[in-house]
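Reading through the structure tokens given below for one structure.
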Amino acid sequence: MARVYNFSAGPAVLPEEVLKEAADEMMDYKGSGQSVMEMSHRSKVYDEIIKEAEKDLRDLLEIPDNYKVLFLQGGASQFFAEVPMNLMKNKKAGYIITGQWAKKAFAEAKIYGEAVELASSADKTFTYIPDCSDLAITDDMDYVYICENNTIYGTKYKTLPNTKGKILVSDVSSCFLSEPMDVTKYGVVYGGVQKNIGPAGVVIAIIREDLITDDVLPGTPTMLKWKTQSDNDSLYNTPPCYNIYICGKVFKWIKKMGGLKAMKEHNEKKAKILYDFLDESKMFKGTVRKEDRSLMNVPFITGDDDLNAKFISEASKAGFVNLKGHRTVGGMRASIYNAMPIEGVEKLVEFMRKFEKENA
Ligand SMILES: Cc1ncc(COP(=O)(O)O)c(C=O)c1O
């Protein structure tokens, strides 16, 4: 079996243990005589899978009882619209623009109401998180929106914005379950699972109960009303059954690894190995302001496009794949999600050292 070290930003590396378990259960899930792909989402056996997945996620994040957990479809991109549809009572909200995904959510919100840019780091190509301690938040704003970890640019909020009492909505797609998170600080936390949690096709949303109401924007489709999904325990229609089952396995894997505190330590160790090297290297440079560096996505450059291309190509041949930066920014990016083992990063740095020597 030739497995590579996969530094993809998403869909991304999953724990090998989980993949093996899923393979073992492929033809016959626990004596049911069926694959999870084949069973009814209304069956008792599937009900146990989805309920247990929710329970394990609640344990990991210590989600309080007054928050609902929803397993949804449509990707994080569809959720960009669901936020204003479900929350814009005054038709006004504040957005902090820290990269492409925040920008896209902002543009989507403008379709439904007045979306106001509260702060932005566009002036320096999104290489930092702006100061969010005293934003021009007005009383009539329904919520404040952030993208907490910026997958493309490699920045992460280390402190949450002061929302002056307004509901905080956060896209945590690329930092979901990478470290502990205090759910009570948010009204809505959501993310696509295809980075840290499972196969693409599921969005997990954790929403404070009082924000789930029938009072949504006129014309909101039934499927996109959180109330519909919540009233039906994410089973209003056929959910992405198999993908939720894999998410459930990843939750159990994280628990086995020691939970989110242990996951944070594991991720900090990995990130330190790579950032320390970037700080000492004469060829490779990190692009993000140090205090805003993400633990999950690490962009870097050599300053020379031809050298970047050579590096990406040689790395790929050596088994370090998907290191090309996002098509809009170029350079390189190593995504080092939960399932990336420490030796994957150690070996990558070893390879970078060798490349630097050979190409100095
Ligand atoms: C932070 C963030 N938000 C949103 C998205 C969009 O997710 P999706 O492709 O599930 O719509 C991505 C995708 O990479 C992302 O990284």
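Read the numbers this way: they start at 1 and go in the same order the structure lists the ligands and their atoms.
Residue Ser174 has no N or O atom closer than 3.5 Å to an N or O atom of ligand 1. Inclusion of Gln194 in the set of residues having an N or O under 3.5 Å from an N or O of ligand 1 is warranted. Of the polar atoms of Asn149, none of the N or O atoms is found under 3.5 Å from an N or O of ligand 1, judged by distance alone.
The ligand atoms of ligand 1 that sit less than 4.0 angstrom from a heavy atom of Cys147 are 1 (C). Heavy-atom proximity to Gly75, at under 4.0 Å, picks out these atoms of ligand 1: 10 (O), 11 (O). Less than 4.0 angstrom separates some heavy atom of Thr151 from each of these atoms of ligand 1: 1 (C), 2 (C), 15 (C), 16 (O). Under a 4.0 Å criterion applied to the non-hydrogen atoms of Phe80, ligand 1 contributes the atoms 4 (C). Of all atoms in ligand 1, numbered sequentially from 1 with element shown, those under 4.0 Å from a heavy atom of Asp171 are 1 (C), 2 (C), 3 (N), 4 (C).
Between Phe284 and Phe277, the ring planes lie tilted relative to each other; the angle falls in the 30° to 60° range.
From the protein, the heavy atom lying nearest to atom 7 (O) of ligand 1 is Ala76 CB, 3.5 Å. Among protein heavy atoms, the minimum distance from atom 11 (O) of ligand 1 is reached at Ser77 OG, 2.6 Å. Protein heavy atom at the shortest distance from atom 6 (C) of ligand 1 is Trp101 CZ3, 3.5 Å.
Across Glu148 and Ser170, no two heavy atoms sit closer than the pair OE1-OG, 2.7 Å. Heavy-atom minimum distance, Thr238 versus Gln73: O-NE2, 3.1 Å.
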(request) Please lay out, stage by stage, how Phe176 and Tyr190 fare under the test ring pair (Phe, Tyr, Trp, His ring centres under 6.0 Å). (result) CA-CA 8 Å; Phe176 227 162; Tyr190 79 96; 8.7 Å; no

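A continuous path of ILVMFWY side-chain contacts below 4.5 Å connects Val188 to Trp101, so both sit in one hydrophobic cluster.
Centroid-to-centroid, the aromatic rings of Phe320 and Phe351 come within less than 6.0 Å. The aromatic ring centres of Tyr46 and Tyr245 sit 6.0 Å or more apart.
The closest donor-acceptor contact from the side chain of Ser335 to the backbone of Asn297 lies at 3.5 Å or more, if one exists at all.
A cation-pi arrangement, defined by a distance under 6.0 Å to the six-membered ring centre and an angle within 45 degrees of its axis, is absent between Lys255 and Phe251.
Ligand 1 lies out of reach of Glu148, whose nearest heavy atom is not under 4.0 Å from it. Residue Gly192 places every heavy atom at 4.0 Å or more from ligand 1. In this structure, Gly10 has no heavy atom closer than 4.0 Å to ligand 1.
A side chain to side chain donor-acceptor pair (under 3.5 Å) with Thr155 is found for exactly one of Asp292, Thr127, Asn150, namely Asn150.
Residue-level proximity to ligand 1 for Ser173 is carried by the side chain, the only part with a heavy atom below 4.0 angstrom. With a heavy-atom cut-off of 4.0 Å, Lys195 touches ligand 1 through its side chain alone.
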